[in-house]
Every structure is written in structure tokens, then in C-alpha cells.
Amino acid sequence: MDLFEYNMSRQFNQKAPLAARMRPETLEDYVGQEHIIGKGKMLYNVIKADKLGSIILYGPPGTGKTTLAKVIANTTKRKFEQLNATTSGIKDIKEVVQRAKENAGMYNIGTILFIDEIHRFNKTQQDALLPHVENGTVTLIGATTENPYFEVNRALVSRSYIFELKPLTLENIKELIVRALHDKEKGFENMDIEIGDDAVEFIADLSNGDARRALNAIELAVMSAEPDENGKIIIDMDMAQECIQKRALNYDKDGDNHYDTISAFIKSMRGSDPDAAMYYLAKMIYAGEDPKFIARRIVICASEDVGNADPHALQVAVSAAEAINMIGMPEGRIILAQAVAYVSCAPKSNSAIMAIDNAMNDVKNVTISGVPAHLRDSHYSGAVKMDHGVGYKYAHSYPGHYVKQQYLPDELVGKIYYEPSENGVEKKIGESLKRLRGK
């Protein structure tokens, strides 16, 4: 690097956002993700030994995926290339591969290719990359906020180690905030800054594991604050609240967290925990989830998990779904909350789903000769000649409007699909059914 390039780099670093300036350059400076990058861990060891194979880093924004790639770039003796999947195409991949071949052939130097947001590469682009990862022309580091098992070419996934980066802990974020305020070179140079512990705690908490969000808030606070008469910048709780504003949720309607949240929501209602279900409902509403989608999930739960233990649950859920169409948001949150509370607290039974699934299995796997003759339609000419309907007993003609006769096909006589639970209304249904089956 010549003097001109050095000055350009220095000016860029000085003007870059705080989050970019504070990126660590070594593994020792890296904060968080101890489960994969802590001393002695496999990833730590292979980076230190410069023996890294292809990897995919997967996790929410602000958890250090790009930062870790930059640390690897500073650690490796291999050529480090970088592409962003949102702006790069097959032409860019070919150019990187050509340089990698030249470096390998002329200088015996390997190439690491870092692709940010790799999930945004389409199938053709991922297929173009695959053979060069497979034959070792490039070592891939992919970064993605989406589950790579869903969004990345299976062949690429199978040739890479997957490392999941988790939201940074409260202590991780606090450490980064303090480091930024006291780093005279990358932080705020020689500014005299004082921040209360409560403000640090508040910003760290509301950044929701996202280091970038926390550092952006600190930078905004410092840049917008008026120094006191002694030239000191004081960041208190009021300023912290202004700068962080609203909790940033890791919730993408098309992403992994969406499915995790709706899964937790359903399981909480199924598990009769209205408090947890209400929290996940609030999270989805807060994140802007489609209320009609939420309502449909409540309807499914009311039938699948409550069923006949409380038949009113389905009525409440369906009414809520219809009301959402009429009312909309924000009032719709009350309607959804009412339905969630009812379904969560209702007695539970999955007897209906077990019954239909078992019956579907028999339909698929058991060869049936046909509907019993006495149950067949007899309302057409010639039916009686084939014994259709002959011997059928009309239930309403018998005491209690019930008469025992064969309804199942011959091959399934005696098979029981519906076994009512001992919960709620279904207990009475079960008692009645036992009496009928015993006759």
C-alpha cells in the first residue's frame, strides 16, 4: 500500500459509521459467539491454523457474520475475495475463479471467497459456483440471515460446515458499547464522553442482540449531544431512549424467525399457556404480521388441539377470523387476544386428528372390497336386484335412535379410529360412545 492509498484508507475509516470502524481485526478482539469461536473451539482452531474449509455463517443481522469474515481475511495467508450476492452475478463469479486459478497456478496461493447474503444468489448462480467449491479452486465463506438448509443449494450446503451465529448477549453488547466509547483510534478520538450504566443497559437491551443497532444508537447520541460547559458529552436515559426509539425485532415475514415464532405461538396455545401465547401474539402484531394469517393459525389450533374437548373453541376462533375481516387493525388485536386466551385455556384433545390420520392411513394401505351392500344407495332402478340397501336398519326407528349394525367395510370391522379423551366435553362424548359400542 503506497502513501496515497494509506491516506485514502485512513480518511475512509475516520468517516465510516462507528459500527464499521469498530469491526475487530483479530480473533482476540471478536466479541460474542463463544459457542463456535471461543478459544479451543473447532472454528477458532482452523482459522488460527489457516486451514479453514468452506463454511456458511447463518444468523440474524448484527451478529457478526461479515465481521468474522473480515477477521478471517486478516488472519489467512490465502487470497481473500469478496462478493455481495445482491449486486454480483455469474460474470463476477467467473472473474474471481479465474484469478483464483492464476494465483494457485503461478504462486501456489489458495483463495477464500466471501459471499455476503449468499441466499440471494439464484439457483443458476449457485450452480455456477458449485464446481469451483467442490474442486477446491475457492474456499467458500457464505453469510446469510436465512436458514441455509432452505435457501442455499443443497450441494453447496453438503460441502460446507454450517455455523449458526446467535443474537449477541446483553453483556456482549455492553462490552461493545464501552469499547466504542473508550477506543481513541476507532471510536470517538479524544471526545470526553460520559454515559450512565442505566443508559448502557437500556441501549444494550433494546438492540435485541444486534451490535450494529447498538453502535448506531451510541453514534447518534454522541453526534447529536451538546457538550456541557466543560466540553463533556453526557448520555443519559432520556437521550438513550431518543436514539434507540423502538425495539428492533428479529422477525422477517419470509424468514426463519417467522416460522420459529408461529411455532412457539401454536405450541403455547396447545400447551395451555395463555401468557406465552399472548407474548408471541404481541410479537407478531408488533412486527406487522398479517392478522388474517394469525387468525387462521388459531382456527387450526382450535380444531387440531382442542377439538371436541370444547367445541366452542372452534366457534370462537372462526368468529375471530371473520371479525378480523370486518374490523381490521389495531382493534383486531383485541379480537385475536380473546380467541388466543380462549383456545389456550380450553381443555385439550387431539382425538379428531388422530382419528382422521389413522383412517387416511387405512384408506391408503388397506385393500377394501367395497361399501357393505346394506349401506349402498338403493334409490335407483335395479338397486334392489343387486341387494343394495337390503337389510339396512333405519336408526330413528329404534329406541334411543340407535341400532347396532355394521357400518365399516368388511375388512375393517371392529376397527376404532375415534377415541375420545377424558377432557372437557369429550369425556361425556366418550362415555356415551362406550355405551353405544358396548351394545
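Computed from a predicted structure; not experimentally measured.
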Exercise. Please name the pair of heavy atoms, one in Asp116 and one in Thr66, separated by the smallest distance, quoted to 0.1 Å.
Key: OD2-OG1, 3.5 Å
Quiz item: Where do Glu411 and Thr367 come nearest, in terms of heavy atoms and distance?
Solution: CG-O, 3.6 Å
Quiz item: Would Tyr58 and Leu165 satisfy side-chain contact (heavy atoms from CB on, under 4.5 Å), going step by step from the backbone distance to the final call?
Solution: CA-CA 6 Å; Tyr58 151 54; Leu165 279 70; over 6 Å; no
Self-check item: Closest non-hydrogen atom pair, Val152 against Leu156
Solution: CG1-CB, 4.0 Å
Exercise. Using side chain to side chain contact (heavy atoms under 4.5 Å, CB included) as the criterion, point out the one residue from Ile56, Thr145, Ile141 that pairs with Lys65.
Key: Thr145
Self-check item: Qualifying residue for salt bridge (charged side-chain N to carboxylate O under 4.0 Å, His left out) with Asp305, from Arg297, Arg270, Lys348
Solution: Arg270
Practice problem: Carefully, step by step, assess Asn361 and Asn365 under the rule side chain to side chain donor-acceptor pair (under 3.5 Å). | Solution: CA-CA 6 Å; Asn361 186 61; Asn365 297 307; 2.8 Å; yes
Quiz prompt | Derivation and outcome, side-chain contact (heavy atoms from CB on, under 4.5 Å), residues Phe121 and Ile90 | solution = CA-CA 9 Å; Phe121 265 166; Ile90 292 179; over 6 Å; no
Quiz prompt | Closest non-hydrogen atom pair, Leu170 against Asp205 | solution = CD1-N, 3.4 Å
Quiz prompt | Contact check, side chains of His35 and Lys41, non-hydrogen atoms, under 4.5 Å | solution = no
Practice problem: Before accepting this row, confirm whether a basic side-chain N of the pair Lys174/Glu201 lies closer than 4.0 Å to the acidic partner's carboxylate O. | Solution: yes
Exercise. Could you pull out the closest heavy-atom pair between Ala19 and Leu215, with the gap in Å?
Key: CA-CD1, 3.8 Å
Self-check item: Euclidean distance, Tyr161 OH relative to Ser54 OG, rounded to 0.5 Å
Solution: 10.5 Å
Quiz prompt | Minimum heavy-atom distance Leu168-Gly62, with the two atoms named | solution = CD1-O, 4.1 Å
Exercise. Would you indicate whether the side-chain heavy atoms of Asp310 and Asn423 approach each other to under 4.5 Å?
Key: no
Quiz item: Would you call Glu431 and Lys428 a salt bridge, using N to O less than 4.0 angstrom?
Solution: no
Practice problem: Ignoring hydrogens and angles, tell me if any N or O in the side chain of Asp228 forms a donor-acceptor pair with the backbone of Lys232 under 3.5 Å. | Solution: yes
Quiz item: Between Arg99 and Lys79, is any pair of side-chain heavy atoms under 4.5 Å apart?
Solution: no
Practice problem: Indicate yes or no: at least one non-hydrogen side-chain atom of Lys283 is less than 4.5 angstrom from one of Met278. | Solution: no
Quiz item: So, do Leu314 and Val306 sit near enough that their side-chain heavy atoms are less than 4.5 Å apart?
Solution: no
Quiz item: Glu419 and Leu433: side-chain contact (heavy atoms from CB on, under 4.5 Å), yes or no, with the steps?
Solution: CA-CA 9 Å; Glu419 298 184 70; Leu433 193 53; over 6 Å; no
Exercise. Find the distance between CZ (Arg120) and CD (Glu146) and round it off to the nearest 0.5 Å.
Key: 7.5 Å
Practice problem: Could you check if a side-chain atom of Glu194 sits within less than 4.5 angstrom of a side-chain atom of Ile235, using non-hydrogen atoms only? | Solution: no
Quiz prompt | Arg179 (side chain) donor-acceptor with Asp29 (main chain) under 3.5 angstrom | solution = yes
Exercise. Please lay out, stage by stage, how Thr139 and Arg78 fare under the test side chain to side chain donor-acceptor pair (under 3.5 Å).
Key: CA-CA 10 Å; Thr139 297; Arg78 287 176 275 182; 3.3 Å; yes
Exercise. Start with the C-alpha distance between Ser207 and Asp210, add both sets of side-chain angles, then the distance that settles side chain to side chain donor-acceptor pair (under 3.5 Å), and finish with yes or no.
Key: CA-CA 5 Å; Ser207 48; Asp210 186 332; over 6 Å; no
Self-check item: Contact check, side chains of Ile47 and Leu27, non-hydrogen atoms, under 4.5 Å
Solution: yes
